[in-house]
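These numbers come from a predicted model, not from an experiment. So that the names make sense, note that chain A is the first sequence line, chain B the second, and so on, each numbered from 1.
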There are 2 protein chains.
Amino acid sequence: MANGEAIDRLKEALRRLPGVGPRTAGRMAFHLLERDREGGKLLAQALQAAVIGVNHCERCNNFSENRLCDVCDSGKRDETLLCVVETPADLDTIEQAGAYTGYYFVLMGHLSPLDGIGPDQLGFERLLDLISQGGVQEVILGTNLTVEGQATADYLSDLLQSREITVSRLARGVPAGGELEYMDANTLNQAFSDRRLLVRHPDSQS
Amino acid sequence: MANGEAIDRLKEALRRLPGVGPRTAGRMAFHLLERDREGGKLLAQALQAAVIGVNHCERCNNFSENRLCDVCDSGKRDETLLCVVETPADLDTIEQAGAYTGYYFVLMGHLSPLDGIGPDQLGFERLLDLISQGGVQEVILGTNLTVEGQATADYLSDLLQSREITVSRLARGVPAGGELEYMDANTLNQAFSDRRLLVRHPDSQS
């Protein structure tokens, strides 16, 4: 490269961000240096602060700067419900949706044996401890509806079977606003088999 | 958000990178904090160093940590040729291709009146000064073949007409490995009108 080590080092460091290849890294470095040096400074400071200051909530394993995250610390949630999610982003999305009132447990990933991520890495032990402390009546498996998320939910479901608690899974079906024409076969079949009864015929057996 | 100010600030700062929206920023923050804190530290340091240490080459306007960039400082290039490009990334790409042996001038953008980017912002004055110092016999307009790059090249071509130098433009045509079936009409028409003569008929007039 013709423009010096500092830029090469910056491009290389930017490539450690997920989804950033050499071209994108170059464009980012160019943007920051040519149009937004202030942004570059802010990002450096924010990274430094977050890398040092952010740890995990002792209870739910979500990112937190304090011993307990805001949700666990609030004391105002329904302690009979515990929702298991894959990432802090999933937790944020559920919080923004606003309907769920219980607590969380964040796995920080999903089962992925090929990458060496098993039950130990995802803190299943900690999850069981948390449930053993009592109070939880229903565990809602809120992992993604992907193959890996599904496998993780299945594993957890087996693990929790011996405990005297309800275990549930997020409903699968056509998303709100979804058009049947554009749904994949899996989703559609699932929406049929999990269909919700609206009116029961008086003579119906089931 | 349920996980504290440091993460929110990090996500916000990541959004100053081009092409990064809220979801991508969240994924990047998660990746750095959960899987690559070392990368986060490196990126913070690289940003800090680049924002402070990188300036512009006094001669060609490319990014450089020194008064002159490596190309201008080499003293081994063909000083009769000057290639005008839009960005340092373009310069790098040409250098990697390896066939060009002259010097460069980097505009750091293209003409874009709606964004307030005119001849002054692109350093046309500096470019003319550089040419006035003598030695340059041909200016190769190496801006992109986009509408904006083309407009910039046209403007520069007019500006340089009064100087006693050759002004040329990168060839337009079908890219190496390109299949005619998939070329757009513009490219194909250009390839016809700029076709290269291989054998001249002895009776030909032109």
From the list B:H56, B:Q45, B:R15, B:E38, the residue making the most non-hydrogen contacts under 4.5 Å with chain A is B:H56
Comparing B:C57, B:S74, B:A13, B:G26 against chain A, the one with the most heavy-atom pairs below 4.5 Å turns out to be B:A13
Could you give the distance from [atom1] ([X]) to [atom2] ([Y]), rounded to the nearest 0.5 Å?
| X | Y | atom1 | atom2 | answer |
| --- | --- | --- | --- | --- |
| B:F30 | A:M108 | CZ | CE | 5.5 Å |
| B:L43 | A:L17 | CG | CG | 5.5 Å |
| B:R9 | A:L42 | CZ | CG | 10.0 Å |

Work out which heavy atom in [X] is nearest to a heavy atom in [Y]; give both atom names and the distance.
| X | Y | result |
| --- | --- | --- |
| B:V51 | A:R37 | O-NH1, 2.9 Å |
| A:L33 | B:A50 | CD2-O, 3.6 Å |
| A:I7 | B:E65 | N-OE2, 4.5 Å |
| B:L10 | A:A46 | CA-CB, 3.7 Å |
| A:A6 | B:V54 | CB-CG2, 3.9 Å |
| A:G39 | B:R16 | CA-NE, 3.4 Å |

Looking only at A:C72, A:G19, A:A44, A:G109, most heavy-atom pairs under 4.5 Å shared with chain B are made by A:A44
Note: vs chain B, highest number of non-hydrogen pairs under 4.5 angstrom among A:L47, A:T24, A:T87 is A:L47
Within 6.0 angstrom of [X] [atom1], more than 12 heavy atoms from elsewhere:
| X | atom1 | result |
| --- | --- | --- |
| B:E138 | CD | yes |
| B:E12 | CD | no |
| A:R163 | CZ | yes |
| B:Q121 | CD | yes |

message = For A:K11, is there an ion pair with B:D92 - N to carboxylate O distance below 4.0 angstrom?
response = yes
Cut-off 4.5 Å, heavy atoms of chain B, and the answer for A:L32 is side chain
Practice item. Check whether any side-chain heavy atom of A:M28 sits under 4.5 Å from a side-chain heavy atom of B:V20, and report yes or no. Key: yes
If one checks every heavy atom of B:R35 against chain A at 4.5 Å, the contacting part turns out to be side chain
